[in-house]
Every structure is written in structure tokens, then in C-alpha cells.
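Written out below as C-alpha cells is the structure these notes cover.
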Amino acid sequence: MSRYNPREAEPKWQSAWAARDAFKAGGPDAETSKPKYYVLEMFPYPSGRIHVGHSRNYAMGDVVARYKRARGFDVLHPMGWDAFGLPAENAARERGVHPGEWTYENIRVMRAQLQRLGLALDWSREIATCDPAYYRHQQAIFLKLLENGLAYRKTAKVNWDPVDQTVLANEQVIDGRGWRSGALVVQRELDQWFFKITAYADQLTDAIGDLDRWPEKVRTMQSNWIGRSRGAEVSWPLADPELAARFGDTIDVFTTRPDTLFGASFLALAPDHPIVKALAEDDPEIERFCHDCARMGSTQEEIEKAPKRGVDLGITVKHPFDPDWEIPVWSANFVLSGYGTGAIFGSPAGDQRDLDFARKYDLPVKPVVLPPNTDPADHVIEDEAYTDHGTIYNSRFLDGLGTADAIERAIAELEKVGLGKGATSYRLRDWLVSRQRYWGCPIPVVHCEDCGVVGVPEDQLPVKLPEDVTFDHPSNPLERHPTWKHTDCPKCGKPARRETDTLDTFVCSSWYFLRFTSPGSETEPFAPKDAEHWMPVDQYVGGIEHAILHLLYARFFTRALNDCGLMNLPGGEPFAGLFTQGMVTHETYKSSEGKWLLPTEVDRKDGQMVEIATGKPVTVGAIEKMSKSKKNVVDLDAFVDDYGADAARWFVLSDSPPERDVEYTDSGVEGVWRFVQRLWSTVTSLPDGAPGPSQVADGVSGPAQDIRKAAHKALHAVTDAIEGFRFNSAVAQVHDLVNVLRKYEPVDADGIAAKAEALGILVRMIAPFIPHLAEECWETLGGEGLVVDAAWPEADPALLVENTVTMPIQINGKRRAEIEVEKGSPEEAVKSLALAQDGVVRATEGLTVRKVIVVPDRIVNIVVG
RNA sequence: GCCCCUGUGGCGGAAUUGGUAGACGCGACGGAUUCAAAAUCCGUUUCCGCAAGGAGUGUCAGUUCGAGUCUGACCAGGGGCACCA
């Protein structure tokens, strides 16, 4: 018997699919009545090579794409490249290769790798975000956003590296120093571009509830990130008329607990609050405090460890409910300028931070919320604030109300006296999209001394990146380029300066799924007709690491594009179904010199891991997500050379549930190889002259009928598992059926027909998982055409039901025996049969049968005592 | 600190509605084949026990005729958010 050779079979079938354009999506103009289905995996950054870890994402999407095709859908399953980004610039610095050249070479390699996997992709729709044909439309979109007030410019605090002369992202600042230069990072105010995502904060929050095919976890994370909280804005009149004239009549604060207003003991302003800044100018103590706070590091750890500090500003405000009650105003380091109004009122009994602050500076602490079932005399605040709900007391007209009622009443009273109103605050900030980088989409505006910021007219797009740039200096090459930034104002024609910032690469990935719907569109980013036909994406597959930013930005973008009139996507949600897959993990290896080693550089010798090159022992480290940095990767090409693409696909879908991590092990791979060969030998064991795989072996009985039943049951189970994204269960079901089929040696024509039918079902069932082997089997079995075009088989309901059923018999909940009965046997008959069983008689001897529960066709439970 | 998720054999995991816990795969062990090995094939494999039997889904309680599944408290691991007022 011949062995299956993926090296020959896989390229052969891939050419066969390509020859008939098997995976080309139809679309709104196609002459088809098929319903559409858009399946998409998060497109990759072309970082170099694909490893087995990456392939899991694509394998899952491919199962869905092929399954839906077999189910009669017009499937759109495209692929492209998230091709702008910092690694290309780093490569340019380290190796002197142009970012574009490096990127396109990586794309070439990775495309070939993906094609070897045999994915059912419509390659005619391939896009790369660094292609001017793509980013010119992104620039057009930017101008639309600008026109509609959704893109704007403002000064913002950034991390500035004075040595590298560049802006650093928060994660590039380590212990207050630049990650590359090691220079102390300073906070600097720079003009930056923002997208007004906060305008959609409510919509983005409210719509989360409708995303019923998204993981709960992701929805929670999005909701937390937006961080909507309802409360009130409260205005505190400045006591000193002179100050009131200078700073406006009141200081406004945001609070979620207006019910605790009578517990107020101070106001605290952020160190960079305008009032604090102004007062600092003629008060050295305040000035020093502000200076200290500005210098404080921005890392989480530092913020966490920093003790509460403050300075008395020497001014007072009047309580909104009592003009005679004056409250001191402080500045405090724990108040954030970017949240709410940058000012709070301290109610120490009900907030731990306020309490810590009050204790440190000896400010009054008055409890105003009484915990349920507590005597006021027993409720004493020491070092722990009571932050929960309860009954309000010590609070005049709020006394006796519950927290929720008191909040409403307090807001109503604030509105009555004109010193406040109900308000909502968000954690979400506007999206800073400026990057001082070369390898990104240029922001298509020009700065003119007379006209200000002027958008580049559409007919002059794209604003292309210059090719001749140098990376010998860390700062932005666009800024340093001798000529690029000099241009004429599109409005008045006078010499002007181009914007040298490029867009955050998250912008590119916020609309690529729309571009896939009409990748050839030259005049528009996408044709609304195509976008409206294909959108939303029916099934999106990607890593959990994008649970917040990418998905939130995309959800913002589709809404913004709707509002700019570029399309009409009802509801505005881009991804109807989302699945977040787990990673592929692998052991890590470290040489005796402490360098990470590739799995191919180590070997097991006499039970010990050694480095092949040196023979020295190797430290086996933790099992971690496959990553280039830890070198615990298995290259996809090497894997496919050894075992074939099908084996890779089958492996990453086996064992672990798709949402969880799966560990790569050599023995697991060998198990897959065994399975592939076993499947092949099972298919080839069918004698010559057997009927084709689409035939139905009707009217057979005995073992032949049992085989048919097994196949149809497996089909039912696998169909269910695919629909429910439980690919590991589908794999187990397939294993089971193969085990049954390979042991079945038919002795007559009926048996052969039954086995042929069963194999036909099996082969169509595995086609979404291991499509090349499925084609090879289909051909061997004499199937019509290609299995890629075969319809998904239908399970015969008559074969899914059994005539008899095995019922376990429990005594006090413990299984003691089982009986085989006709399906639907009457309860009385089952009961007496059960009581007559040997095991039952033995176990009930000397005891009284108190009750017998018969659940028809399921179980019998006898209660004795 | 707050929020969420997960705890099942030696390992990954299955059990879709409260109804036979451990499917399927890996590993291990025994056997066949082989001069030998690889590969392949056939068995066994939750634990204790020779057996009869008993115990068993992180721990403790509860609901139920019956709990991996439902409820409460706790323990452990993972993730998210974090001076967000």
C-alpha cells in the first residue's frame, strides 16, 4: 500500500484550485443567488517569515471559509498586509535597507508561505497598506474626517526624547528614559493630530450590548476602556470676589457621588490645572510642587508608589448648598488633568484616596453614608473609607435617602440652585494619530502662514513618501528631507510647509476590511455598493491582543465613514462575529551563554537537552507563545517540507479549544502524521469497483447499516462542532469515525457500498481542515469533480436515531447496572426490568425501595434507604 | 485594589439542555512483526484494591431522586483595568 506524499499532492491540488479560480468571491454583480459570507482573519504585519504559530489564525478562518462555501455561500475571504510600521525603519537603521524594499521582500516571502498552506483565499483582492494605491484613499478619508470635524489638531503632552529628537510612545519610555538613547524623557507640548473618537463614546458603549457574537471578555474590555461613568458636574463658587473675577466665578468638578456632597472637606485640583498654574507664578511653594509633579515619572509603577502629596492653594470656595460653608482648595498629585474637569471635591469618608489625603494634611473627615444595618454610633471611619452604598445621614435634606435616590435628589437640587447638573464622564480620550515617523501614511495637509492648515486637494493625492531618505539620524527623515516638505499652499500658492507627521498604523487597519470589498476602486476608497453588499464581516478571527485598540478604532471608523457619507452601514458595526483564537506555544531554550536557541539548534541526548553546535547543555525554559524574540518558533516552510500543509493545519486545530493556547510538541506532530497516513490507508483499502463516494447505500442492514449510522452521526457532530467553533471536537469526531472505518472490512456488496458512502462523507467533512488530502482521497474514491466544489453532505435523520437505548440504573445516584431497552419503552416496564437486574437486587438487599425515578430513554434512579 | 475567566487522569482536553465522568489525541506499559531497530499493528492505561468493592471533576457547604454542570463561601492560576473622582 502506498503512503500519502503531501509533497507531491499539495502543489498539485493547489494548482488545480488556482486553475479554476476556486476562491474568487462573487459580489453584488455576480450572477448568483447565493447569500454572501465575509470571513476575515486579522491581516498580518510583514515581519519576515511565518511560523507555525501564525498559521493557527489562518487555519481557523480557512475552515470557516471552506465550510461556508460548501454550504452554498458566496464567500469573501481576502488577505493583505498591514505593511507600515516601525520594524521596517529599524531594519533600515540596522541593515541599511530601505523600509519599502524590506517590507516588499517580506511580503513576497510570506505570501509564498501562506500560499503553501493552501488557504482558500481570493488573492486577486490582495492589498498592502504601504501601497500608494491604498494610502491615497486613506488620505482622502483623513480629509473627509477633517471636513467633518472628526480630525483636529491640538497641543498635547508627549514624551520627548531630547537626544533622538523624537516622540516616544508610552511603552518606549523605560524608567523615565528613552528606550534607545537612554536619555531622560521630558514632557513636551507639541501640536498633534487627533481623531474625535470621544464623539462616539456613547454609541460605542451602547452598541456593545448588540455584539452577541463577540466574546464576552472582549466586550467587557471595550466597555472598561471607554469607561463611561455617570454622575454630576458641581460648581463651587470662589469665595474671594477678586479671584472670582480672575478665574471665573466657580471651580467645576466632576463626581459620581453627588450624594456625598455634605461630606466634602476640600477641593483638589490637578497640578497642571489652569488655576494652579496661574497661582504658581507668584507662589514659590506652589511652583515647586508643580515642578515636582511634572518631573514625576509616567510609568505605572511610579504612579502607584507615589505617596499622596498636595499643597494648600490658600483659596476657598463656597459649598453649593450652603454659601456660609467655606472649603479650602488644594492641589494634589493624585488628581488627573485629563479626566473629568481636572478637579475633584474630597469626601474622605467615602473615598480611600481622599481619606489618605485628609489624614496626611489633617483635613476633616465626616461620614455621610451609613452602611446597611449599622448604628450611626458604631460607624467610625479610621483608616478605611466606606465606599459602598448605604443610607445618607449628616446631610440635611438628603438624610434618610438611599444612595441612588440621594444622587438624583442632589442633582435636582444642584440644578435648582444653578450650581451643577447631571453629567457623564469617560475614560476614553481622543485618538492621537500623529507619528513622527517615515514609514507611515503621510497626513495630507499643508501649513501655510496665511491660510493656516490647508488640506491637499483630492486631485493632488496621494501625497507620496519620498524614496530618497536616510536613517543615519534617529529623528523623522521626512523632517530632515531637503526638499520634500517644501511646497506651495494649495489655496494661495505661496510657499508653505508640508505636514511631516504620518498616521498611526492603526489607522490603516481601521478600514482595510472595507477596501477588500472593492480593492480596485480608483476614485473612491471603496465602492459603497460593494461595501454595503459584503459588510459587515460575518466572521472575524484574530488574537486577543487586539481586543481593545484595533477593534475599537475600527468600530469608530465605520461610524465616522457612515457620518461622512462614504457609505451606509446600518448600525455601524464592522464585525458581526468575532473569534479570538489562542496562541501556539513552545518550550524555550537558552544556551549556556544565555542566548535564546531555535528548537532546531537543540537536541535531546541521554535525557538531556544539548546545543547541537557545541554539545553543551541547554536550559529548558517556560512554555511560551511562539515569538521571534524568544526564538521558540517552528518555521512554516520547514514544517511543510517535512509533514505537509495539511499536517500543520490539522495540528493547530487539534487538542486544545480554539480560544485557548495549544502547545507545539514533536510527539503531537508525529500523532498528526500517523493520522494522515491512517486516513489515507483507510480510503485506499476500499476495493476496486466500489461505488462512488456520493452514492447512498440505501436498504442495507446489519454491520453495513451500523457503518452508515456511524458516518451520519459523525457528520452531524462535526457540522455542529464547526458551527460552534469547536474545531478540536470536530477533529476528535473525525478520529473516531476513522477508527471505526479502518476496522470495518466489508464482506459483501452492501458492505462495500456502505463503506464507500461513509468514506465519501468523511472526505467531504475533512475538506475544510485538510483540503489537499481530501482532494486526493476524493479522486481515489472516484468522486465527481473536485471536493472543493462538493456540497456539504446532509446527515440522514433516520440514521441518527437508535431503536434501542442503553439506560444506566443508579441506586442512590450511583451506577449499579444498565439495561438495553426499546426506545420509548413504557416507564412501568423499564422500572420492573431495572428492579430485576442482578446488580440491583444485590445492592437493594435488606433495604426498602422508597422511590424509582425513570427518565424515559435516559436513566433510572432507585432511591433506597 | 476593582472587574472578568479558568480549575476534570501522567499531559492537552471531551461530556451542547442537571442524567453512564474521563470521548479523542499524546505519553507510558505489555504484546505481535523484525537478525535488530525505525515504522506499523493489537491490547492495557483515573486512583486504591488480588478481587468483591470503594473513592473520584481545586476545597468546604447547599439545592436535587441525581451536580463536572446550578447556588454560596473559600483556595489556586491566568487575563484586563488601575490614583478615572
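Below, chains carry the letters A, B, ... as their sequence lines are ordered, and counting in each starts from 1.
- Base pairing in RNA chain B gives the following stems of 3 or more Watson-Crick or G-U pairs, range against range and under 3.5 Å: B:1-7 with B:75-81, B:10-12 with B:24-26, B:27-32 with B:40-45, B:46-48 with B:53-55, B:58-62 with B:70-74.
- Residue pairs meeting the salt bridge (charged side-chain N to carboxylate O under 4.0 Å, His left out) criterion with at least one member in residues 215-226 of chain A, sequence neighbours excluded: A/Glu216-A/Arg219.
- For A/Lys308, there are no salt bridge (Lys or Arg N to Asp or Glu O under 4.0 Å) partners two or more places apart in sequence or in a different chain.
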(request) If a protein heavy atom is under 4.0 Å from the base, mark B; if only from the sugar-phosphate, S; if neither, -; do that for nucleotides 19-26 of chain B going 5' to 3'. (result) BB--BSSS
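- For A/Phe262, the ring pair (Phe, Tyr, Trp, His ring centres under 6.0 Å) criterion is met by A/His319, A/Phe321, A/Phe397, not counting sequence neighbours.
- Sorted by first and then second residue, the salt bridge (charged side-chain N to carboxylate O under 4.0 Å, His left out) pairs with a member in residues 716-725 of chain A read A/Arg71-A/Glu723; sequence neighbours excluded.
- Contacts classified as side-chain hydrogen bond (donor to acceptor under 3.5 Å, both in side chains) and involving residues 727-741 of chain A (residues at least two apart or in different chains) are not found.
- For the pair A/His716 NE2 and B/rU16 P, the computed distance is 13 Å after rounding to whole Å.
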(message) Using a 4.0 Å heavy-atom cut-off to protein, can you give one letter per nucleotide of nucleotides 53-63 of chain B, 5' to 3': B if the base is in contact, S if only the sugar-phosphate is, - if neither?
(response) SS-B-------
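- Using a 4.5 Å heavy-atom threshold, the side chains of A/Ile623 and A/Glu587 count as touching.
- A/Lys421 pairs by the side-chain contact (heavy atoms from CB on, under 4.5 Å) definition with A/Glu233, A/Glu415, not counting sequence neighbours.
- When the side-chain contact (heavy atoms from CB on, under 4.5 Å) test is applied to A/Asp642, no partner is found at least two apart in sequence or on another chain.
- Under the ring pair (Phe, Tyr, Trp, His ring centres under 6.0 Å) criterion, A/Tyr553 pairs with A/Trp431, A/Phe506, sequence neighbours left out.
- OP1 or OP2 of B/rC84 lies within a sub-4.0 Å distance of a side-chain N or O belonging to A/Arg353.
- Side-chain nitrogen and oxygen atoms of A/Ser425 include none within less than 4.0 Å of the OP1 or OP2 phosphate oxygen of B/rA85.
- Taking the ring pair (Phe, Tyr, Trp, His ring centres under 6.0 Å) definition, one finds that A/Phe357 meets it with A/Phe266, A/Trp330, A/Phe334, A/Tyr361, sequence neighbours left out.
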